[in-house]
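What follows is a single structure, written as structure tokens, with notes after it.
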Amino acid sequence: MDIDVLLYEGFDELDAVGPFEVFRTAEAAGADFRTRLVGLDDAGVVTASHGMRVEAEGALADPGEIDLLVVPGGGWNDRNEAGAWAEYERGAIPEAVAAHHDAGATVASVCTGGMLLSKAGVFDGRPAVTHASALEDLRDTDADVREERIVDDGDVLSAGGVTSGIDLALHIVEREAGAKIAESVATTMEYTRQHDAYEPGAIAGAE
């Protein structure tokens, strides 16, 4: 499973680094994952919302080349020049999300990264969640807004605020690589999972 975690100026550190560590730890435990931190257009240093500087490994893969795209949030409510709000207004990331989803990739958001998936149109008529402080903004869209910590609608997933990205990633690990590896990752990270998930896609797939 090829996974790109997308970085942009002003993203929230834990939104991206939490899932990245989960996926890389799962890989070490035997999951068939290949996970990268990427920029939209190229490699380079990106400054996150709390000032941490992170170097992207490369550019986001072309549509059709990855299985999962993870989009973090950050900076939505401050309406800053860098962050999810700025990227929502710019539109390039939502366009990339839509292109990857159209090409068959699963797309997932953490925190207010959900607003970028919303603008991409992938939440239209589907259950989704974002950070509690942005739920009213999400309700102004065509999403079926939920308040669970994780929403799994098959090829579109979302998680609430910040630390929920770790639970989202562990949920994906369990879904794709099994409960044994997911529990191994949680144990290695000394993380107590929260299993508050709404899974209409999983239910539909099981029927």
Side-chain angles (χ1 to χ4, degrees), residues 3-23 35-61 66 68-101 105 107-124 126 128-143 145-151 156-169:
I3 305 168
D4 275 4
V5 180
L6 183 60
L7 307 182
Y8 54 87
E9 292 291 325
F11 78 92
D12 183 89
E13 286 88 341
L14 192 56
D15 283 6
V17 175
F20 176 80
E21 182 165 340
V22 169
F23 294 138
T35 308
R36 303 186 306 154
L37 293 173
V38 301
L40 183 60
D41 300 313
D42 52 31
V45 176
V46 180
T47 302
S49 61
H50 296 86
M52 186 172 77
R53 291 169 63 79
V54 184
E55 185 169 3
E57 298 176 44
L60 174 64
I66 57 172
L68 173 64
L69 172 59
V70 180
V71 181
W76 176 262
N77 296 303
D78 295 335
R79 303 296 197 259
N80 287 333
E81 293 182 1
W85 170 261
E87 296 300 335
Y88 184 97
E89 292 294 300
R90 192 161 72 97
I93 288 177
E95 288 177 6
V97 169
H100 277 272
H101 187 249
V107 293
S109 63
V110 180
C111 195
T112 55
M115 299 307 299
L116 299 177
L117 268 62
S118 173
K119 186 162 185 177
V122 300
F123 281 174
D124 289 356
R126 303 182 68 164
V129 68
T130 186
H131 191 280
S133 64
L135 284 173
E136 290 307 312
D137 290 330
L138 190 59
R139 289 190 176 100
D140 288 335
T141 73
D142 291 327
V145 179
R146 306 292 306 185
E147 296 190 17
E148 286 85 358
R149 188 169 176 83
I150 302 163
V151 175
V156 176
L157 298 96
S158 52
V162 193
T163 59
S164 63
I166 297 173
D167 288 301
L168 173 70

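Positions are given from 1 along the sequence. Atoms considered below: every heavy atom in the structure, side chains included; atoms not considered: hydrogens, waters and symmetry mates.
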**OP:** Applying side-chain contact (heavy atoms from CB on, under 4.5 Å), run through Leu116 and Ser109 and close with a yes or a no.
**Re:** CA-CA 8 Å; Leu116 299 177; Ser109 63; over 6 Å; no
Original post:
Ignoring hydrogens and geometry, is there a side-chain-to-backbone donor-acceptor pair from Thr35 to Ile3 under 3.5 Å?
Top reply: no
**OP:** Indicate whether any N or O donor in one side chain lies under 3.5 Å from an N or O acceptor in the other, for Arg149 and Thr163.
**Re:** yes
Original post:
When Pro19 is tested against each of Leu168, Val110, Leu14 for side-chain contact (heavy atoms from CB on, under 4.5 Å), which residue passes?
Top reply: Val110
Original post:
Which heavy-atom pair separates Pro72 from Val70 by the least distance, and what is that distance?
Top reply: CD-O, 3.7 Å
Original post:
So do the side chains of Val156 and His101 get within less than 4.5 Å of each other, counting heavy atoms only?
Top reply: yes
Original post:
Of the non-hydrogen atoms in Thr112 and His131, which two are nearest, and what is the gap between them?
Top reply: CG2-CB, 3.9 Å
Original post:
Would you say Trp76 and Thr130 make side-chain contact, with heavy atoms under 4.5 Å?
Top reply: no
Subject >> Asp12 side chain near His50 side chain, heavy-atom distance below 4.5 Å >> reply: yes
Subject >> Which atom of Asn80 lies closest to which atom of Trp85, heavy atoms considered >> reply: O-CD1, 4.1 Å
Subject >> Neighbour count above 12 (heavy atom, 6.0 Å) for Glu9 CD >> reply: yes
Subject >> Value rounded to 0.5 Å, distance of OG1 in Thr141 from CG in Leu117 >> reply: 11.0 Å
**OP:** Look only at the side chain of Glu57 and the backbone of Leu37, and say whether a donor-acceptor pair between them is shorter than 3.5 Å.
**Re:** yes
Subject >> Shortest non-hydrogen separation from Phe123 to Gly114 and the atoms involved >> reply: CE1-O, 3.1 Å
Original post:
Crowded around Glu81 CD? As in, over 12 foreign heavy atoms under 6.0 Å?
Top reply: no
Original post:
To the nearest 0.5 Å, how far apart are CZ in Arg36 and CG in Leu60?
Top reply: 7.5 Å
Original post:
Minimum heavy-atom separation for Asp15 to Cys111, with atom names?
Top reply: OD2-CB, 3.2 Å
Subject >> Side chain to side chain, Val107 and Val71, heavy atoms closer than 4.5 Å >> reply: no
Original post:
Is there a side-chain contact (heavy atoms from CB on, under 4.5 Å) between His100 and Asp4 once you walk through the steps?
Top reply: CA-CA 11 Å; His100 277 272; Asp4 275 4; 5.8 Å; no
Original post:
So do Val129 and Leu135 actually touch side chain to side chain, heavy atoms under 4.5 Å?
Top reply: yes
Subject >> Donor-acceptor contact below 3.5 Å, side chain Glu87 vs main chain Tyr8 >> reply: no
**OP:** Taking all non-hydrogen atoms of both residues into account, name the closest pair between Leu6 and Ile93 and its distance.
**Re:** CD2-CG2, 3.8 Å
